**Q** 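There's a structure below that I have some questions on.
Since the structure is predicted, the reported quantities are computational estimates derived from the model, not experimental observations.
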Amino acid sequence: GQSRRPVAVVGPGTPFYQPFFEFLKDLKVTILCETGGITGGITRHPLLFSNTEIAKNIADPDLIIRTGSTPVHAATSDQLHVWKVPQIVIGKQPQECDATLTATHILPGTLEEFDWTHFTSQLGESSPSNVSHQRHAYRKTWEDNITIINKSLEVALSGEKQLTDPHVYHQLLPLIEQDQIAHVLLSNSYPIRDYLLYGNPDKVSAFKTHTNRGASGIDGITSTAVGSALAAMNSRSQKDRCTDTPPEFVSEKPAVLFTGDLAFLHDASALNNLRKRNVPLKIVVINNHGGSIFRMLPFHEHNQRYSDFVETPQEATISSLAHAHNLPYERAETVKELSQAWRRLSSETVGVLECCTDADASMNIRRNAHL
C-alpha cells in the first residue's frame with residue numbers, strides 16, 4: 001500500500017482475468033506487457049530500456065508484480081536484475097516463471113484464486129492520500145517517454161524502403177483487425193518479440209495471443225497453431241474433443257500464425273492438416289532466409305563460420321510447399337505488395353503469405369529503434 005512506483009510485468013501465457021487487471025488499474029500500476037490481448041499496458045518498453053538517454057527520464061520502480069512466463073525480451077529480463085526492489089511472482093508453478101531468479105516473494109496460485117477486489121480495498125485503505133497521485137504521475141512518465149520511442153520508430157520504418165520484418169507487423173495488424181481475426185499465434189525467435197515491438201500497441205492489445213514457448217525452440221510451431229485454431233473452431237460443437245480449450249480461444253473466426261522461415265520449414269508436414277481439415281488459419285511466413293535472431297549475438301561479426309553453422313541460411317521455395325498441399329499462396333517483396341497480398345488472401349479460409357524481408361535492413365530498423 002506504500003508503493004509509489006509499482007510496475008507489473010505481464011509475461012506470456014497470462015490470461016486476461018478482468019478482476020486482476022481491474023486491481024492493477026484501480027491502484028494505478030504501470031503495466032509492461034510481454035504478451036498480447038492485454039488492454040491498458042505498454043508493449044514497447046524494451047525499446048525504451050535500450051535507449052539510455054530516454055530511459056534515464058524514468059525513475060526505477062519500487063515494487064514489481066510479475067505474472068505469466070519469463071519475459072520474452074532480454075532487455076526486460078536485464079532490467080529485472082537491475083531493479084533491486086521487491087519482486088512478487090504470481091503463478092501456480094512460480095519457480096518455472098522466474099528464470100531470472102529475481103523474485104523476492106512468491107504467491108503460488110492462479111490469478112483466479114485470489115480475491116483482487118479485497119486486495120484493492122485493503123491496499124487502498126493503507127495507502128497515504130497522495131500515493132494515488134504519485135502512481136498516476138509515474139505511469140504518465142512511462143507513457144510520455146514511450147510516445148518519444150513511438151515517434152522514433154515511425155521515422156525508422158518510414159525511412160526504410162526495403163521490406164523488413166518490423167514492417168510485416170506494422171502493416172498487417174490493422175488489416176487483420178479489419179478481417180475480424182479471432183486470435184494470433186506467434187512463433188518463437190523474432191516473431192513473438194517483433195509482434196510486440198512493432199505492431200501498433202492498440203492492435204496488439206486487441207488480439208488474444210497464443211505461443212508455444214517451452215524451451216523457446218521452433219519445432220512444432222505450425223502444428224501448435226493448427227491444433228489451437230482447430231480447437232477454437234470445434235469448441236462450440238458437441239463433437240469437440242478439446243474440452244479444455246481456454247474460453248478466450250473459442251471462436252469460429254480464423255486465426256493467424258506469424259512464423260519465421262526456419263520454423264515453417266521445420267514443421268512443413270503440419271500443412272497437410274490445414275487443407276484436409278479446412279482449419280481456419282492463415283500462415284504469415286517471414287522469410288529472411290535464416291535464423292537472423294542470432295545476429296544480435298557478438299560473434300555474428302567475428303566468426304567466419306557464423307552463417308553456415310548458426311544462421312543456417314536456406315533457399316527453399318515456400319510457394320512450392322504451399323502448392324504441394326493445395327493451399328492458397330501469396331507473396332510480398334515490398335511494403336506495398338504486403339497489403340495487396342493480404343487482401344487477396346482475405347477471402348480464403350486457409351492460406352500462406354510469404355513475406356520476403358531483407359535481413360540486413362531488418363537489423364538496421366532494430367538498431368535505429370534502439371532495440
**Q** Using a 3.5 Å distance criterion without hydrogens, assess whether the side chain of Arg4 forms a donor-acceptor pair with backbone atoms of Gln2.
**A**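 Yes.
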**Q** Do Thr224 and His210 have a side chain donor and acceptor closer than 3.5 Å?
**A**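 No pair is found: no donor N or O on one side chain lies under 3.5 Å from an acceptor on the other.
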**Q** Hey, is the main chain of Lys336 close enough, under 3.5 Å, to the side chain of Ser339 for a donor-acceptor pair?
**A**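 A pair under 3.5 Å: no.
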**Q** Report yes or no: do Thr76 and Gln79 form a side-chain donor-acceptor pair below 3.5 Å?
**A**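 Checked: Thr76/Gln79 side chains show no N/O donor-acceptor pair below 3.5 Å.
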**Q** Compare all side-chain heavy atoms of Leu48 with those of Ile42 and state whether any distance is below 4.5 angstrom.
**A**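 Not touching, per the 4.5 Å side-chain cut-off.
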**Q** Quick check: do Glu333 and Leu163 have side-chain heavy atoms less than 4.5 Å from each other?
**A**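 Of all side-chain heavy-atom pairs linking Leu163 with Glu333, none is under 4.5 Å.
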**Q** Is any side-chain heavy atom of Glu34 closer than 4.5 Å to a side-chain heavy atom of Val10?
**A**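 Glu34 vs Val10: side chains apart.
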**Q** Does this structure show an ion pair linking Asp194 with Arg366, if we count only N-O contacts that are shorter than 4.0 Å?
**A**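 Salt bridge present between Asp194 and Arg366.
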**Q** Identify which one of Asn288, Asp261, Asn287 satisfies the side-chain contact (heavy atoms from CB on, under 4.5 Å) criterion when paired with Thr357.
**A**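 For Thr357, the side-chain contact (heavy atoms from CB on, under 4.5 Å) check succeeds only for Asn288.
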**Q** Between His73 and Leu196, is there a side-chain heavy-atom distance shorter than 4.5 Å?
**A**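 Leu196 vs His73: side chains touch.
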**Q** Within a strict 4.5 Å, meaning less than it, do heavy atoms of the Val335 and Leu157 side chains meet?
**A**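 Side-chain contact under 4.5 Å: no.
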**Q** How about His323 and Ser320: does a side-chain donor come under 3.5 Å of a side-chain acceptor?
**A**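 No, no side-chain donor-acceptor contact under 3.5 Å.
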**Q** For the residue pair Tyr195 and Tyr169, categorise the inter-ring angle as parallel (less than 30°), tilted (30 to 60°) or perpendicular (more than 60°).
**A**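 Because their plane-to-plane angle is over 60°, the rings of Tyr195 and Tyr169 count as perpendicular.
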**Q** Can you confirm whether the side chains of Arg135 and Thr30 place a donor and an acceptor under 3.5 Å from each other?
**A**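 No, Thr30 and Arg135 have no side-chain donor paired with an acceptor closer than 3.5 Å.
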**Q** Using side-chain heavy atoms (C-beta onward) and a distance below 4.5 Å, is Ile88 in contact with Leu63?
**A**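 In short, these two side chains touch, coming nearer than 4.5 Å.
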**Q** Report yes if the side chains of Tyr17 and Glu22 come closer than 4.5 Å at any heavy-atom pair, otherwise no.
**A**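 They are not in side-chain contact.
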**Q** Could you label the plane-to-plane angle of the Tyr138 and Trp142 rings as parallel, tilted or perpendicular, counting under 30° as parallel and over 60° as perpendicular?
**A**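 Rings of Tyr138 and Trp142: perpendicular, over 60°.
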**Q** Which residue in the set Leu345, Ile318, Leu327, Leu257 passes side-chain contact (heavy atoms from CB on, under 4.5 Å) when paired with Ile283?
**A**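 Going through the options one by one, the only one that passes is Leu257.
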**Q** Are Ile286 and Glu354 side-chain neighbours, meaning at least one heavy-atom pair lies under 4.5 Å?
**A**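 Ile286 vs Glu354: side chains apart.
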**Q** With a 3.5 Å distance limit and no angle check, can you tell me whether Trp116 reaches the backbone of Leu111 through a side-chain donor-acceptor pair?
**A**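 Yes, Trp116 side chain to Leu111 backbone: donor-acceptor pair under 3.5 Å.
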**Q** Where does the angle between the aromatic ring planes of Phe21 and Phe16 fall among parallel (under 30°), tilted (30 to 60°) and perpendicular (over 60°)?
**A**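 Parallel, since the angle between the ring planes stays under 30°.
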**Q** Can you tell me which residue among Thr14, Thr209, Thr43 is in a side-chain hydrogen bond (donor to acceptor under 3.5 Å, both in side chains) with Thr35?
**A**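 Of the listed residues Thr14, Thr209, Thr43, the side-chain hydrogen bond (donor to acceptor under 3.5 Å, both in side chains) partner of Thr35 is Thr209.
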**Q** Between Phe49 and Trp83, what is the ring plane arrangement, given parallel below 30°, perpendicular above 60°, and tilted in between?
**A**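 Rings of Phe49 and Trp83: perpendicular, over 60°.
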